[in-house]
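Shown next, in structure tokens, is the structure this report addresses.
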2 protein chains.
Amino acid sequence: MNHNQEQDAKQRILLAARKCFAAYGFDRTSVRQICEEAGVNVALVSYHFGGKENLFYALFEAYFPKKEEAERMKVEDPVGAVKLLIEEITRMRIHYPELISLLQQEIALMSPRIPIIRQHAFPIWERLREVLQAGKDQKQFDFESLDQAMLFVLGSLFIHKQWPYFEPIMSDPQPNFEASVSYATFFILRGLGCSDS
Amino acid sequence: MNHNQEQDAKQRILLAARKCFAAYGFDRTSVRQICEEAGVNVALVSYHFGGKENLFYALFEAYFPKKEEAERMKVEDPVGAVKLLIEEITRMRIHYPELISLLQQEIALMSPRIPIIRQHAFPIWERLREVLQAGKDQKQFDFESLDQAMLFVLGSLFIHKQWPYFEPIMSDPQPNFEASVSYATFFILRGLGCSDS
DNA sequence: GTCTATACTACGATAGAC
DNA sequence: GTCTATCGTAGTATAGAC
């Protein structure tokens, strides 16, 4: 069934779309551009996915972490769970940057596609909320508002995706995975009022 | 010269552009849309600004804080300077949300307009770096990497613009100016290892 | 300074041949 | 399953009348 080293057109479109949407955003990316990148004909997007918008959703369906991933954050160990989240988001940002780029672009635009994106991401943010609340109850974290604590954690993590924008004023090169995790853990746990490291 | 309560077409275009670009992003906004909102003819964007792109730049020229604003952050009082930055960014986010929306969208997309946007924003971020470094030298702040400390501060502030995205899982309504400043100051100063409040 | 009319390009989608 | 050809729409910019 594998046509030599060629994947089928559907898969090639999916990969090209991930690349193009992340690099240029949904609006700046044309179906023609995706198909050129994939080396297939323009008509195949309509045929396989039913249009540009559905191709976008198929991307999240295929590559976004599933709800079960979130359940690896154990409520019984809030500090460990927060560390796990920091590692997982950092890993995703470094090794699979496209989906996070896409997510941030869509949120910044509050695009019409947000409701479906929420369905994929909210299980993870909900789990983070449970973990933070548990940490507060167990006196490992100290904060007043759960909403604010969640924003603070995610804000500290998401901003790293914007390194290229800040690059001209940065003094050091972008840190690797281990250093990123270590820096983020430092600021976030201290911000949450947690003395452990 | 003031045609009754009518401003001149150029000013009306500028206001309409600020509104539309922020709401829909640069790409999703058409010149026709801006001109309809402004109540002027489509051709006037080309005439007054020389095209859609230059209209965008004129927006930053007109509304973005000038370099002198940054100099209100006094290096001699790092904690006060960080508090001032938190207040100013929060004020801008609440009272003039359009430019921050626009800035975040452009950064998320790493649009071709980033180099000119940098010229407006970098003086402020540079000043923040000086302030953080001074605070570290004076042992009021404690961190290892200046780059990371700056990202952490700005990430904690910028994420608040994305409240509408998170809204369905939030337990409280979006806080007002004073509460926002107070929450942000709490997390940021603690994250910087500063015990003052 | 403002408007009408239009030129030109690009987009997304689809019908129909292969 | 894939391609060619084309339709309808919308985009930016400009020439020229007022």
Side-chain angles (χ1 to χ4, degrees), chain A residues 1-62 102 105-106 109 111-113 116, chain B residues 1-62 102 105-106 109 111-113 116:
Chain A
M1 302 303 174
N2 282 335
H3 315 44
N4 261 340
Q5 80 269 33
E6 293 278 16
Q7 303 150 295
D8 65 343
K10 190 169 178 176
Q11 188 63 21
R12 290 214 310 281
I13 290 173
L14 218 45
L15 285 166
R18 189 179 69 178
K19 178 174 170 181
C20 293
F21 281 147
Y24 313 113
F26 184 83
D27 294 303
R28 291 185 68 88
T29 303
S30 72
V31 172
R32 287 176 159 83
Q33 194 180 348
I34 292 170
C35 290
E36 187 176 356
E37 172 78 28
V40 303
N41 187 271
V42 215
L44 292 189
V45 164
S46 285
Y47 177 76
H48 283 297
F49 298 95
K52 184 179 176 181
E53 182 124 342
N54 285 321
L55 170 57
F56 180 87
Y57 296 138
L59 221 49
F60 274 79
E61 207 58 61
L102 212 40
Q105 290 173 30
E106 294 288 312
L109 283 160
S111 84
R113 298 168 290 282
I116 292 188
Chain B
M1 301 302 176
N2 281 334
H3 315 44
N4 261 341
Q5 80 270 32
E6 293 279 17
Q7 302 151 295
D8 64 342
K10 190 167 177 178
Q11 188 62 22
R12 290 213 310 281
I13 290 173
L14 217 46
L15 286 166
R18 187 178 71 178
K19 178 174 171 183
C20 293
F21 280 147
Y24 313 113
F26 184 83
D27 294 302
R28 291 186 69 88
T29 303
S30 74
V31 173
R32 285 175 160 82
Q33 195 179 346
I34 292 170
C35 290
E36 188 176 356
E37 172 78 28
V40 302
N41 187 273
V42 214
L44 291 190
V45 164
S46 286
Y47 176 75
H48 282 297
F49 298 96
K52 184 180 177 180
E53 182 124 344
N54 285 321
L55 170 57
F56 180 86
Y57 296 139
L59 219 51
F60 274 80
E61 207 58 60
L102 213 39
Q105 290 174 30
E106 294 288 313
L109 282 161
S111 84
R113 300 168 289 283
I116 293 190

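So you know, we letter chains A, B, ... as the sequences are listed, proteins then strands, and number each from 1. FYI, side chains are in, hydrogens and waters are out, and symmetry mates aren't considered; it's all heavy atoms of this structure.
Residues meeting the ring pair (Phe, Tyr, Trp, His ring centres under 6.0 Å) test with B:F56, sequence neighbours left out: B:F21, B:F26, B:F60. Remark: A:R18 pairs with no residue by the side-chain hydrogen bond (donor to acceptor under 3.5 Å, both in side chains) rule, at least two apart or across chains. Judged as a side-chain hydrogen bond (donor to acceptor under 3.5 Å, both in side chains), and not counting sequence neighbours, A:Y47 has no contacts. In this structure, B:E36 has no side-chain hydrogen bond (donor to acceptor under 3.5 Å, both in side chains) partners at least two apart in sequence or on a different chain. Applying the side-chain hydrogen bond (donor to acceptor under 3.5 Å, both in side chains) criterion to A:T29, with sequence neighbours excluded, gives no partner residue. Taking the side-chain contact (heavy atoms from CB on, under 4.5 Å) definition, one finds that B:A16 meets it with B:I34, B:E37, B:A38, sequence neighbours left out.
If you take CG of B:N41 and C1' of D:dG16, they are 13 Å apart, rounded to a whole angstrom. If you measure from atom CG of B:N54 to atom C1' of D:dT14, you get 16 Å, rounded to the nearest angstrom. Whole-Å rounding puts the B:K10 NZ to C:dT2 P distance at 11 Å. Put simply, CG on B:L44 is 13 Å from P on D:dA13, counting in whole angstrom units. Rounded to whole angstrom, the span from the CD atom of A:E53 across to the P atom of C:dC11 amounts to 18 Å. Distance A:F49 CZ to C:dT14 C1': 18 Å, rounded to the nearest Å.
Every pair tested for salt bridge (charged side-chain N to carboxylate O under 4.0 Å, His left out) that includes a residue from residues 43-61 of chain B fails, sequence neighbours excluded, so the list is empty.
If you check residues 15-25 of chain A against DNA chain C, you find no residue with a heavy atom closer than 4.0 Å.
With C:dT14, D:dT2, C:dT4 as the candidates, the nucleotide lying closest to the side chain of A:Y47 is D:dT2. Ranking D:dC3, C:dT2, C:dT4 by closeness to the B:H48 side chain, first place goes to C:dT2. When distances run from any side-chain atom of A:A43 to the nucleotides D:dT4, C:dT2, D:dT14, the shortest one goes to D:dT4.
For B:Y57, the OH atom counts as densely surrounded, since its 6.0 Å shell holds more than 12 non-hydrogen atoms of other residues, nucleotides or ligands.
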What nitrogen or oxygen pairs link the protein and nucleotides 7-11 of chain D at under 3.5 Å?
from	atom 1	to	atom 2	distance (Å)
D:dG11	OP1	B:S30	OG	3.4
D:dG11	N7	B:R32	NH1	3.3

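Take the nearest nucleotide of DNA chain D for A:V42 and for B:D27: the residue whose nucleotide is more 5' is A:V42.
For the atom pair CG of B:L59 and CG of B:N54, the computed distance is 12.0 Å after rounding to the nearest 0.5 Å.
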